[in-house]
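A note on names: the letters A, B, ... follow the listed sequences, proteins ahead of strands, and every chain is numbered from 1. Quick caveat: nothing in here was measured; it's all calculated off a predicted structure.
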Amino acid sequence: MEPLKKEEEKALNFLEEIIENDLRTGKHTSILTRFPPEPNGYLHLGHASSIWLNFGLAQKYGGKTNLRFDDTNPVTEDTEYVESIKEDIKWLGYSWANEFYASDYFDKIYEFAMQLIRQGDAYVDDLTPDEIAAMKGTPIEPGSNSPFRDRSVEENLELFAQMKAGKFEEGAKILRAKIDMASPNMLLRDPILYRIKFAHHHRTGDAWCIYPMYDFAHGQSDAIENITHSICTLEFIPHRAIYDWCIAKLNIYPSHQYEFARLNVSYTVMSKRKLLQLVNENHVSGWDDPRMPTIAGMRRRGYTPRAIREFCERAGIAKRDKLNEISLLEFCVREELNKTSFRRMVVFNPVKVVITNFVEEEVLLESENNPEEEHSGVRTIPFSKELYIEHEDFMENPPKKFFRMAIGQSVRLKSAYIVTCNGVIKDEAGNILEIHCTYIPESKSGHDTSGLKVQGTLHWVSIKHAIGVELREYDRLFKSENPALEEGDFKEYINSDSLNIIMNAFAEPALKEATESQRFQFLRKGYFCKDKDSTLDHLVFNRTVSLKESFTKEVKK
RNA sequence: UGUCUGAUGGUGUAACUGGCAACACGUCUGGUUUUGGUCCAGAAGAGUCCAGGUUCGAGCCCUGGUCGGACAACCA
């Protein structure tokens, strides 16, 4: 019997098709991609998508990927960001073939500029920024030529050298490509190639006072490295014309630019500028605030590299603007954490239960670390006369399908016994002080000879053994599905309830040994990880994501 | 009013390049369950932006529209 289909019959995305075609036709014998972040902010989920694409494509086709910092604007860039970016890429599970910087090529790019001048393809312009803007025309009206457009090659060479030598003030002169002021593509209306900036560069220091623009650095950098497939986002489509123009005029390695739609996720924002605002204006605690869609934030929140990669994979690649649902991301992280995380019991909002017929001091029970993983072992949980259960797990007047604790009803305490609720004790105000239950000794977990069947199973902790922990529950950062598209300031749509802190929850003692790299499922609650704010006697846990909850939906009906 | 670009269930991707629109998430049923989780089984949900055309046959090709996005930073 032949298999009907190859196991790996997954459809190719458009970039994979291009690459396979290039490989098949011999246009390329191997591929080289690059990931080109500007070191002016922290990486976010959108970058993760680009990283997954660039590194993943190279991996799939036996190629390599360079990490290249696009550091052509010294005023916004900083070494702090270089380090965080490298850390994030490594954490996501990728390694680069070479670590390069656009600033490594400043000498070469300067040479390229002189070559264009010599060819009559570039000129020094004295116009002010306002004048240049005014003469640029509009998308539907052609621009007009600068009066300095026809300077001689010699004069341009001399002026450009003086620009480099620091003879002119910022803004006094720029180098422009001589293309076409009437081009329907506004980017081709004599784009600026070099500008004067007396700024300290994080790598080249004060060696330069002129810096190339993106359009005069990116394609050249790609060409210098022999990048075969230069993948960027949709907004660079009109730039491809300059990219190709430079490569043709300079007669350098013909790298090719391909564009894909950036990743957007519902209920958050994905631009460095906006994220920077959230940080600077203290709407969040920092770049690594667990509510942030930054890699650092997601890492702190408990997301795993694998889950993020899986999300990128499932979100896919296309050329149309899109908004992915956050629920897909949540699915990906639950899928992994369900299989890998240890189970622990934590009572978030306690109510006291007294087992009236329990006479022993304590009993040590065993419970599996992870029912999804056979060899994950067990841990010990102490059981005693006085316990905490979740307040919401008890109701005096329960609705019909309430499979939890209620007077006269029996439930299983997870990994322990079946108990029957007999009554409650309240204070004058009507608050519940204690819930009284009796347990059935024969119903001990794993050795149940009682023959009883109960519908519900509750998590619990023994009061005298429990440890107090702080819990931080996160919700979506924005109330709007797509804050960037809303009217007015995106910050008007911030969800003021995105952080819920529970200062004193009660955890089973095994959680004392938790490490920051571990992930836990707090039974019936969600996935959590230990936060770096934890101290020896004060443990803090972040909720990565809740468990799927169908009962609350039921109640709302 | 220009150039570029895109349009397939609620969302995101497919459709062997012209052959009954598929997969995943989400939603809803039912079953199993010592987590109302997981797992298992199933269902609903688009006739592919519109109008013509070519064809035995069009989501794929042609023509004309409509709608969305990008472009007028000495940012990337």
Side-chain angles (χ1 to χ4, degrees), chain A residues 9-13 36-38 40 70-73 75-77 125 127-129 132-134 136-143 170-176 183-189 192-197 210-211 213-215 217-218 232-241 259 261 266 272-273 314-332 334-335 338-339 343 345 367-368 371-372 401-404 411-418 443 445-446 448 454-459 521-526 546-555:
Chain A
E9 196 70 73
K10 256 200 86 194
L12 299 178
N13 65 47
E38 182 186 14
N40 68 345
D70 219 337
D71 55 352
T72 57
N73 184 8
V75 303
T76 58
E77 295 152 6
D125 198 344
L127 257 25
T128 66
I132 288 178
K136 191 125 193 183
T138 70
I140 53 167
E141 294 163 323
E170 281 188 22
K173 284 185 167 46
I174 50 162
L175 184 73
R176 287 231 250 176
S183 171
N185 179 350
M186 298 209 51
L187 264 353
L188 255 24
R189 323 246 258 228
I192 295 170
L193 268 23
Y194 262 95
R195 76 287 212 194
I196 299 169
K197 270 184 195 293
I210 57 171
Y211 293 93
M213 298 286 288
Y214 167 86
D215 283 321
H218 203 93
C232 62
T233 46
L234 253 29
E235 66 268 30
F236 288 96
I237 290 177
H239 292 256
R240 194 174 62 228
E259 309 87 8
S266 61
K272 277 194 273 190
R273 205 193 98 252
R314 285 173 180 259
I317 288 300
K319 282 196 275 198
R320 58 185 122 154
D321 295 315
K322 56 179 183 176
L323 182 66
N324 283 88
E325 288 180 341
I326 186 97
S327 58
L328 180 63
L329 213 209
E330 295 177 340
F331 166 82
C332 292
R334 284 193 188 108
E335 183 186 44
N338 174 53
K339 292 184 189 129
R343 313 290 132 124
M345 292 199 285
S367 187
E368 59 211 337
E372 302 289 319
K401 287 165 102 177
F402 188 77
F403 305 141
R404 306 183 185 185
V411 293
R412 155 83 56 189
L413 294 178
K414 175 69 183 175
S415 297
Y417 304 91
I418 291 174
S443 67
S445 187
D448 190 344
V454 293
Q455 295 233 61
T457 299
L458 307 184
H459 61 281
Q521 184 197 101
F522 290 177
L523 239 56
R524 306 207 299 141
K525 285 298 192 177
S546 69
L547 250 36
K548 279 178 78 175
E549 242 283 51
S550 49
F551 179 66
T552 47
K553 285 179 194 164
E554 187 79 20
V555 169

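- Looking at RNA chain B, the stems built from 3 or more consecutive Watson-Crick or G-U wobble pairs, each pair with its key distances under 3.5 Å, are B:2-7 with B:66-71, B:10-13 with B:22-25, B:27-31 with B:39-43, B:49-53 with B:61-65.
- Rounded to an integer number of Å, the gap from A:E549 CD to B:U35 P is 14 Å.
- Nucleotides of RNA chain B nearest to A:I237 and A:R334 differ in position, and the one nearer the 5' end is that of A:I237.
- B:G37 atom P lies 17 Å from atom NZ of A:K339, rounded to whole Å.
- A close approach under 4.0 Å does occur between a side-chain nitrogen or oxygen of A:R195 and OP1 or OP2 of B:C75.
- For the pair A:I140 CD1 and B:C4 C1', the interatomic distance rounds to 16 Å; values are reported in whole Å.
- Of the C1' atoms belonging to B:C56 and B:C49, the separation is 27 Å, rounded to the nearest Å.
- Comparing B:A46 with B:A72, their C1' atoms sit 40 Å apart, to the nearest whole Å.
- The same atom, C1', is picked in B:U8 and in B:G47; the two are 10 Å apart, to the nearest Å.
- Glycosidic conformation, B:G68: anti, with the torsion outside 90° of 0.
- Under the 30°/60° scheme for interplanar angles, the aromatic rings of A:Y214 and A:H239 are found to stand perpendicular.
- Comparing B:A14 with B:U48, their C1' atoms sit 12 Å apart, to the nearest whole Å.
- Comparing B:A73 with B:A21, their P atoms sit 49 Å apart, to the nearest whole Å.
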Quick tally for nucleotides 66-72 of chain B: nucleotides whose base has a protein heavy atom under 4.0 Å get B, sugar-phosphate-only ones S, the rest -, giving ---S-SB
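- Remark: the backbone N or O of A:E38 is paired with a side-chain donor or acceptor of A:K272 at under 3.5 angstrom.
- Atom CG in A:L329 sits about 15 Å away from atom P in B:G12, given to the nearest Å.
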